[in-house]
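Presented below is the structure to which this report refers.
None of the values given here were measured: they were computed from a predicted structure. Below, chain A is the first sequence line, B the second, and so on; all start at residue 1.
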Amino acid sequence: MNEVRVRIAPSPTGALHLGLVRTALYNWLFARQQGGRFILRIDDTDAQRNMAEVLQPILDGLRWLGIDWDEGPEVDGPNAPYFQSQRVDGHKAAVASLLESGYAYYDYATTDEIAAERQAAVANKEGVFRYSRRWMAETAADRVRFEAEGRKSVVRLKMPTEGTLVIDDQVRGPVEFEWQREQDHVIQRADGTFLYHLASIVDDHAMGITHIIRAEEHLSNTPRQIFILQSLGVELPRFAHLPFVAEPGSRNKLSKRKIREYMKNRDFSELVARGNKIAAALKLETGLDAFSPVVVDFYRQTGFLPEAIVNYLALLGWALDDKTEHFTREDLVKSFSLERVNKSAASFDPGKLMAFQVRHMLALSVEKRVDLCLPFLEKAGLVAAPDKVAAIVSAAGDRIKVAGDIIDYLDFFTDDDKLTRDTTAFAREMGKYGAAGCLAKFRGVIASAAFEPAALEKCLQDFVAAEGIKVGQIIHVLRLAVTGKTVGFGLYETMAILGRESVLARIDYALREADK
RNA sequence: GGCCCCAUCGUCUAGCGGUUCAGGACAUCACUCUUUCAAGGUGAAGACAUGGGUUCGACUCCCAUUGGGGCCGCCA
């Protein structure tokens with residue numbers, strides 16, 4: 001049994017799309033499990049401008065997710081080059097061989113003539129259009145004659161006209177195609193360049209790919225590729241066609257061009273809002289095209305965990321059993337199988353992705369989470385003491401869902417007299433009878449208190465009892481005074497982290513503000 | 001239009017003829033806990049697209065219908 005060799009062959013587009021990631025992941029998992037090789041080939045066209053610019057996001061994104069390739073750009077390998085545009089010699093040789101053996105022919109029809117035939121076919125309701133081969137050059141003499149007319153040639157496949165092809169798809173089982181419905185596809189243009197379907201399958205073969213695991217959209221294109229391979233007299237790889245990653249709440253293929261539409265989805269727009277909030281604190285550019293949950297960079301910029309995304313994506317179209325949901329990368333490598341890949345498209349569910357993120361985040365130690373958060377504080381322009389950050393992260397618990405959420409706690413680091421307040425809420429609480437006096441009095445009590453949560457709680461309980469008021473009558477105004485917000489984690493912990501000096505200063509500041 | 005693929009709760013899925021008036025997860029709702037927001041606890045609601053077969057017996061097999069998706073380029 002030969003070594004398993006799989007590949008992804010993206011065209012460089014400037015962004016790593018979720019659908020491509022899922023295909024990459026399944027290929028990678030399969031390779032790792034089988035002890036095979038995972039290859040990255042870039043199916044660029046020769047007319048690609050700014051190669052580095054459009055390629056780098058894909059490379060970086062895959063690496064960030066831990067989807068590493070054994071052969072490909074930046075790592076090289078025995079089957080170099082890994083850019084399709086540099087492999088034209090192979091394409092040329094393949095076409096020459098096909099021509100030689102009669103499985104392809106020079107065709108001298110003009111595009112207008114083909115269009116006319118196609119139109120006629122539609123008009124006659126023939127269903128399929130099949131080229132008449134009227135301008136097919138069967139002999140050298142034909143070529144001379146056509147060329148004398150000033151015609152230019154393309155190379156077409158001479159497809160079979162009868163019989164049935166059965167593809168034993170590893171995900172879908174046997175799929176039948178009738179050869180007579182296939183067309184004489186062009187494989188080489190008049191300008192001598194080669195078409196994707198020729199180049200791709202020739203490269204796959206040259207690289208020794210054993211399993212072509214790709215998106216379902218290629219299923220209909222498989223017959224012509226198999227024909228090429230068969231005509232070349234080489235061994236066929238196995239095929240596995242993966243279902244699409246679909247839009248939130250529909251079965252349409254997920255597209256990075258329809259973000260505006262996805263914004264109607266609540267979970268999707270909440271995710272975007274969360275991302276934008278973090279990006280704003282970090283002063284990042286956030287055009288919806290480049291910065292949205294459809295693109296991997298979004299997750300990296302906002303502090304998601306690669307493990308969480310990998311776990312979620314693995315389950316989007318595959319399941320081990322009826323209950324296992326939390327997978328480490330190693331678990332996935334161990335359990336993955338093409339046989340258990342689903343056949344139907346699976347919608348991307350941002351809410352569920354977030355649930356996986358939280359689960360993976362909480363599985364990390366406080367120290368780990370602090371390490372993840374620190375760079376975000378730094379990017380927000382803060383040099384924070386790790387101890388303090390650790391206390392915040394620990395107290396915040398699952399409120400910090402992604403590392404970037406640490407920016408919700410920037411208030412812990414701002415100057416006491418520059419605290420921004422929820423003024424509406426503050427006015428409301430301060431407006432309540434006796435609130436200001438109560439706050440001032442409590443300030444006196446804690447001025448000498450021990451600043452740790454338990455002691456502070458006792459302090460407040462005693463104060464409340466002595467004053468004959470309820471906890472609710474002071475704690476809200478106190479929170480607003482100290483943090484400026486109505487929400488947050490435990491107030492005693494909050495005060496302990498802030499420390500006596502800060503808390504007293506903030507209360508003083510609040511009282512001054514209230515006086516105005 | 002032709003061909004190909006797909007079809008279980010809102011979503012991701014388990015189910016490979018009987019042990020299932022269909023199990024889990026996310027989301028939702030209610031209650032509970034509570035200094036706020038989360039979290040937690042308890043519970044609820046929620047699906048086999050339809051119609052025919054096959055079978056003693058179909059979510060599971062077959063066919064049709066319907067619906068959804070994809071491919072039909074001198075694009076990748």
Side-chain angles (χ1 to χ4, degrees), chain A residues 9-13 43-45 84 107 109-111 114-115 118 121-122 125-129 152-156 167 169 171-172 175-178 180-183 185-197 199-200 215-223 241 243-244 246 248-253 265-267 312 315-326 340 342-356 358-359 362 396-401 408 425 457 460 464 470-476 478-480 483 485-492 494:
Chain A
S11 51
T13 52
D43 280 7
D44 54 345
T45 60
Q84 187 157 80
D107 179 53
T110 65
T111 45
I114 291 289
R118 184 171 279 125
V122 172
K125 296 189 178 161
E126 283 169 27
V128 258
F129 159 67
K152 286 254 184 352
S153 69
V154 298
V155 178
R156 285 182 186 275
I167 299 170
D169 192 277
V171 169
R172 277 148 222 285
V175 181
E176 293 189 9
F177 291 91
E178 282 178 53
Q180 62 163 346
R181 308 236 164 238
E182 290 292 318
Q183 303 182 36
H185 302 282
V186 174
I187 53 178
Q188 183 173 10
R189 301 184 183 91
D191 68 2
T193 57
F194 302 96
L195 276 94
Y196 166 80
H197 287 292
S200 177
E216 184 189 341
E217 61 188 302
H218 291 289
L219 184 53
S220 302
N221 301 325
T222 307
H241 288 96
F244 288 114
S250 103
R251 300 277 174 187
N252 289 18
K253 187 173 131 186
N265 177 282
R266 200 197 50 194
D267 289 336
Y312 172 72
L315 258 5
L316 197 62
W318 172 86
L320 175 64
D321 55 29
D322 60 338
K323 27 186 72 83
T324 318
E325 291 233 290
H326 186 94
R340 292 196 63 89
N342 270 313
K343 296 184 183 73
S344 54
S347 324
F348 168 58
D349 180 349
K352 190 149 185 172
L353 169 60
M354 190 52 90
F356 275 88
V358 170
R359 181 159 30 178
L362 254 25
D398 76 342
R399 290 172 186 82
I400 295 180
K401 299 186 197 304
D408 283 341
E457 174 163 15
L460 187 126
V464 161
K470 292 199 176 117
V471 171
Q473 284 174 271
I474 178 158
I475 204 151
H476 300 299
L478 182 56
R479 179 184 293 279
L480 253 343
T483 70
K485 293 176 180 159
T486 59
V487 301
F489 46 78
L491 186 55
Y492 309 119
T494 302

- Any A:Arg181 side-chain nitrogen or oxygen under 4.0 Å from OP1 or OP2 of B:rC71: no
- Message: Using heavy-atom distances to pick each residue's nearest nucleotide on RNA chain B, tell me which of A:His476 and A:Gln84 is more 5'.
- Response: A:His476
- Item | Quiz item: A:Arg172 side-chain donor-acceptor pair to B:rC5 base, under 3.5 Å | no
- Separation of B:rG69 C1' from A:His241 NE2 (nearest whole Å): 15 Å
- Message: Please report the distance, rounded to the nearest Å, between CZ in A:Phe177 and P in B:rC5.
- Response: 7 Å
- Using atom NZ of A:Lys343 as one end and atom C1' of B:rG68 as the other, report the distance to the nearest whole Å. 17 Å
- Task: Round to the nearest Å and state the distance from A:Glu217 atom CD to B:rC6 atom P.
- Result: 16 Å
- Between C1' of B:rC71 and CD1 of A:Ile167, the distance in whole Å: 12 Å
- How long is the line joining CG of A:Leu320 and P of B:rG24, in whole Å? 18 Å
- Under-3.5 Å donor-acceptor pair between A:Lys323 side chain and B:rA25 base: no
- Does the base of B:rC12 carry an N or O that pairs as donor and acceptor with the side chain of A:Lys352 under 3.5 Å? yes
- Message: Between P on B:rC3 and CG on A:Asn221, what's the gap in Å once rounded to a whole number?
- Response: 17 Å
- Roughly how many Å is it from NE2 in A:His218 to P in B:rC71, rounded to a whole number? 9 Å
